[in-house]
Amino acid sequence: VSTFLTAMTLKGLTFLISTQLAALFTWSHSFLLGSILSATDPVAVVSLLEHVGASPVLTTMIEGESLFNDGTAMVLFFIFLEMSHGNEVSGSVVTYTLFRLTFVAVIVGWFIGHITSELIGHVKNDSVKIMTIMASGCFVTYYISSIHITGTIGPLCSEILSTVVCGLNIAGVGKSYISPPVWKKVMTIWSFLAHLLNTVLFVLLGAHVSDITKNITKTLCIKELLYMPVLYVALHVIRFVSISMFYPLLKRIGYGITFNEVIFVAFAGLRGAIGLGLGLLILEDKNSKSFPDEVKDLFFLCIETQHVSK
């Protein structure tokens, strides 16, 4: 829903900027950029919630929504990237790709997560061995998922979704084999690694962006810059509308959610490393017919505006 509404908004903005840009910025580009901007990052928000002592339920909902959101965004990204390159993608291919990238990811993640959990049960609360097994399980899951099958769109399955499912299996089954003190120690180490790697990733991506965009920023027009605040507000409204559509269902299942929490979650959808990484793939694309400089300008502006606004 968010990707569709964002794509419609982006297409409308290009018409307001110039008809020439609207002609170059196709519907495939709109949906591709929409999928990138739909990916969220919970790191900063979760850190703030933990600092102020907010409900763990709210923190869990934001983290879980973001993880599955990122996985879904990558699935749509691969499909719309193929279409942006001018390749015809039939309905059967889209259905097959969605099935392979999502359901196969669940199978791979669950299977390796189950094996990992059983191995954890044989190490007798040794925190070092537990960390080694958990890290190995996640790495193997990601590696297998990233294998590319010739003639298909994207990898074997979504690496993010499969790794998330693997982690969920470990948290559900593997945790039962670990004593609370050891589990707390393991989670502290994982929290540190997550924060460290997220920081390093942003530093590396920032340095990489400066090299890629030296020529891009020379061709930006003032009108494009003026419409970026409009896009920023529109993305928050779209996210609120998307979550509100499912509010009647969300308040009756799982943890349940109040309307005040809907408002908070809508504004907690900051854009993070996944969106920036996918954006870099577009900026580095050498196919000038699929992605003219004017289109890359708009991709760069939209993605950077959302990240700077964090």
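Everything quoted here is computed from the prediction, not taken from an experiment.
- I149 and Y142 are assigned to two separate hydrophobic clusters, defined by single-linkage of ILVMFWY side chains at heavy-atom distances under 4.5 Å.
- Under the 3.5 Å distance criterion, with hydrogens and angles disregarded, no donor-acceptor pair is assigned to the side chains of S35 and T3.
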Run V165 and T141 through side-chain contact (heavy atoms from CB on, under 4.5 Å) and show every step you take. CA-CA 10 Å; V165 173; T141 302; over 6 Å; no

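- Looking only at distances, no side-chain donor or acceptor of S176 sits under 3.5 Å from a matching main-chain atom of G172.
- Annotation for V123 and I120: closest pair CG2-O, 3.1 Å, computed over non-hydrogen atoms.
- Remark: I79 CD1 to L98 CG distance equals 4.0 Å, nearest 0.5 Å.
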Where do K251 and T258 land on the side-chain contact (heavy atoms from CB on, under 4.5 Å) test, with the steps shown first? CA-CA 6 Å; K251 71 178 181 180; T258 66; over 6 Å; no

Please evaluate residues T102 and C157 with respect to the criterion side-chain contact (heavy atoms from CB on, under 4.5 Å), reporting the C-alpha separation (whole Å), side-chain torsions for both, the decisive distance (0.1 Å), and the verdict. CA-CA 6 Å; T102 53; C157 59; over 6 Å; no

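- A donor-acceptor pair is defined here as one N or O able to donate and one able to accept, closer than 3.5 Å; such a pair exists between the side chain of K11 and the backbone of A22.
- Other residues, nucleotides and ligands place no more than 12 heavy atoms under 6.0 Å from the CZ atom of F139.
- Checking side-chain atoms of R100 against main-chain N and O of L156 turns up a donor-acceptor pair under 3.5 Å.
- From L101, atom CG reaches atom CZ of F77 across 12.5 Å, with rounding to the nearest 0.5 Å.
- A single hydrophobic cluster is not seen to contain both I107 and W110; linkage of ILVMFWY side chains at heavy-atom distances under 4.5 Å, directly or through other members, places them apart.
- To the nearest 0.5 angstrom, I130 atom CD1 is 9.5 Å from K185 atom NZ.
- Shortest non-hydrogen contact noted between T116 and M134 is CG2-CA, 4.1 Å.
- Within 6.0 Å of the NE2 atom in H122, the count of heavy atoms belonging to other residues, nucleotides or ligands does not exceed 12.
- Separation of the H236 and Y232 ring centroids falls under the 6.0 Å cut-off.
- The distance from atom OG of S30 to atom CZ of F80, rounded to the nearest 0.5 Å, is 10.0 Å.
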When you look at C166 and N169, which way does the side-chain contact (heavy atoms from CB on, under 4.5 Å) test go after all the steps? CA-CA 5 Å; C166 177; N169 193 301; 5.8 Å; no

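- Using a 4.5 Å cut-off on side-chain heavy atoms (C-beta onward), I282 and L81 make contact.
- Judged purely by distance below 3.5 Å, without hydrogens or angles, the side chains of E159 and Y143 never pair a donor atom with an acceptor atom.
- Note: the hydrophobic cluster containing V104 does not contain Y96 (ILVMFWY, side chain heavy atoms under 4.5 Å, direct or indirect links).
- The side-chain heavy atoms of I147 and P155, taken from C-beta on, include no pair separated by under 4.5 Å.
- With a 4.5 Å cut-off on side-chain heavy atoms, T26 and V295 do not count as touching.
- Aromatic ring pairs are classed by plane angle as parallel below 30°, tilted from 30° to 60° and perpendicular above 60°; the pair F31 and F4 is tilted.
- No side-chain donor-acceptor contact under 3.5 Å links H114 and S117.
- Using a 4.5 Å cut-off between side-chain heavy atoms of Ile, Leu, Val, Met, Phe, Trp and Tyr, with links allowed through other members, V233 and F240 fall into the same hydrophobic cluster.
- Of all non-hydrogen atoms in I170 and G113, the two that sit nearest each other are CG1-O, 4.1 Å.
- Residue M131 qualifies as enclosed at atom CE: its count of foreign heavy atoms under 6.0 Å is above 12.
- Hydrophobic clustering, with ILVMFWY side chains joined whenever heavy atoms are under 4.5 angstrom apart, keeps L197 apart from V140.
- Remark: the S162 side chain and the S145 side chain contain an N/O donor-acceptor pair separated by less than 3.5 Å.
- To the nearest 0.5 Å, the span separating OG on S290 from CE on M83 amounts to 12.5 Å.
- T97 has its side chain out of reach of F78: every pair of non-hydrogen atoms, C-beta onward, lies at least 4.5 Å apart.
- At a threshold of 4.5 Å between non-hydrogen side-chain atoms, the residues V182 and S179 count as touching.
- Aromatic ring centres of F291 and H85 lie closer together than 6.0 Å.
- A distance of 4.0 Å separates CD1 of I238 from OG1 of T6, quoted to the nearest 0.5 Å.
- When side chains are defined from C-beta on, M187 does not count as touching F192, because their heavy atoms never get closer than 4.5 Å.
- The two residues F25 and L33 have their closest heavy-atom pair at CZ-CD2, 4.0 Å.
- Across every non-hydrogen atom of W183 and A171, the tightest pair is CH2-CA, 4.1 Å.
- Scanning all heavy atoms of the two residues, the minimum distance from G34 to L10 falls at N-CD1, 3.9 Å.
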